[in-house]
Amino acid sequence: MSEQQSFIVTARKWRPLRFSDVVGQDHVTTTLKNAIASGRIHHAYLFTGPRGVGKTTCARILARALNCENPQDNEPCNTCQTCRDVLDGRSVDVIEIDGASNNSVDDVRKLRDNAKYAPMHGTYKMYIIDEVHMLSTAAFNALLKTLEEPPAHLVFVFATTEIHKVPATILSRCQRFDFRRMEVSSIVNHLGTIAEAEGVTIDEASLVAIARKADGSMRDSQSIFDQVVSFCGMNITSGAVADALHLIDADFFFELSDAAASHNVSRMFDLSRQVIQRGYDLQECLVGLLEHYRNILTVMSTGSTELIDGAASTLERYAAEAQRTNQADVIRRMNLISNGEAVLRQNPPQPRVRFEFTLVQLASMDSAVDLGDLLDRLSAPGTSAPVGGVSMAIRVGPRRRVASSEQRVASSEQRVVSSEQPTATATATATATANSNSPLKKVSSLSAKIRSKGAPVSSLSSRNLAEKWSGVLEALPEHLAFVRSSVRQGLLVVDLSDVGLVLRPSADVIHHRLADQLNDLKEHLATVYGTAVGVHLMPARSSSEQQRLTANSQQHQLTGNSQQLTGNSQQLTASGEQGAGSASPLPIEETLVRLFNAKKVTVFNGSGA
């Protein structure tokens, strides 16, 4: 027989022959071996899981183990006549059926008629039905009776990749075993053993690339291994594997992240051109780049590389990259990449332009600055602290104070807004109050720290606050929704000024709820406005003050209609004034009398009543 005719693919040549040879499914093999040892053999087993993880292999090993003439530690010997017949596929006691091509009621009827006959050589007669979910509903129903009360010598093994298509009546009659996806490390170790036995030289990076390409399937990894050996020969390198499988190697993703970190837009265009010229899928490139930043984020969050699948050299690069990267920048870049990948997934016109736009956004994104680190650097006078990639001259000290007019928030408190002409270099200075004896609101620790370093609490003016105020109310989280309803019902008055917000509740219950949720409200304001906003909570208004505010509001609403009301009041008769003296006036009547100096009269009907 020629070499071409004698060649057996790796997936078949290295198919496990014993339970101990099965990789990554210890929970299944251990249970089956213990069942054989204790004699607790179930009449129906259901193996489910992804493709290429050992479902059919375990079914065949179980068939040989149950019928083996010389079992060894509950494992088949694979040398006796019964085991050899099963391995060669000529056993009459172990029947494998393809559920996709034998899915009718007639096929199940034939199976049921043959199942009643005892095995010829072994102890059990076994039916292995692969892709059992392909059976028709009628075929499943025809199998129920035999499956529920089979003969003592009969064992069923069902294998499927789509367990949700199997009826519940079948599931309830079987022992179910869920096979796991193969881990990258398990595939790498097994492929390394195969390569060593076959005399193939391959590096770790190549094994990892093959394992990742297999997507958790051992059979897929072995098929890819055959393909790579055919392309590279007996000496395999990571570069050759990338060319054979048309993969984007990790070095390219590191180049992309370096260009993004250095804000090199021209380099991004060059790398985008390389992606197009090499024929890589643009969406797959963004998915790989997203995973690249995910690996960096895991190292930054956990401090280790255990959650990354890669060669040792690649893990070292990720550890070094995490040391010089800001976590906020990584999250923002991942968000941009996710948005770009979602757009490409819809097959839009000009995908190259959209791909390049995503890369340019990554390179043009400003670096995030941690406020705590910045304040620590501000504590050293005369130092130069880089902010967002730009070096800034820092001078800490009191600035010239200029008292602005009409900055009165209430009669009992006053603030002075400091101002200074901006210079060529950004300068951080400390603000001071105009009157140290005037009562000020209690500020948070963050605001106090910022003020102590000379930075303003907020750079927003009252106009800026007012422009986004409706958005603030609409975006309030659920536990702060009472603020929106209180404002709309007039139970909470909010004053916007250049120094922040002043909250004036009308009732103690609203005041107490605001006091409990004040920190959450400040965090929400900082999220919407992009900076810290000062918030001062006033005590609840008294009843007299509430009446005064109500009267002022009514005066404002009735001013536009004053002429019409005055004209109508002249039409009232004097006789009605005497008749009205006996009835108590309504609140609106009192308001009209006070505002327009009107007289209350009574209009008589035609009968003189």
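Positions are given from 1 along the sequence. Side chains are part of it too, since the values below use all heavy atoms of this structure and drop only hydrogens, waters and symmetry mates. Quantities reported herein were computed from a predicted structural model and do not represent experimental measurements.
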For [X] and [Y], which I'm curious about, is there any donor-acceptor pair between the side chains at under 3.5 Å?
X    : Y    : value
S206 : D203 : yes
T10  : D226 : yes
Q274 : D270 : no

Under 4.0 Å between a side-chain nitrogen and a carboxylate oxygen: does that hold for [X] and [Y]?
X    : Y    : result
E474 : R484 : no
D93  : K125 : no
K145 : E148 : no
R332 : D329 : yes
D178 : R180 : no
R267 : E255 : yes
R212 : E291 : yes

Hey, is the main chain of D215 close enough, under 3.5 Å, to the side chain of R181 for a donor-acceptor pair? yes

Under 3.5 Å, side chain of T48 to main-chain N/O of T161, donor-acceptor pair present? no

Mind checking ring pair (Phe, Tyr, Trp, His ring centres under 6.0 Å) for [X] and listing every partner two or more places apart, or none if nothing turns up?
X    : result
H246 : Y280
H292 : F254, Y318
F47  : F177, F179

Under the ring pair (Phe, Tyr, Trp, His ring centres under 6.0 Å) rule, what pairs show up with a residue in [range], not counting sequence neighbours?
range            : value
residues 96-142  : Y127-F156
residues 212-235 : none
residues 184-213 : none

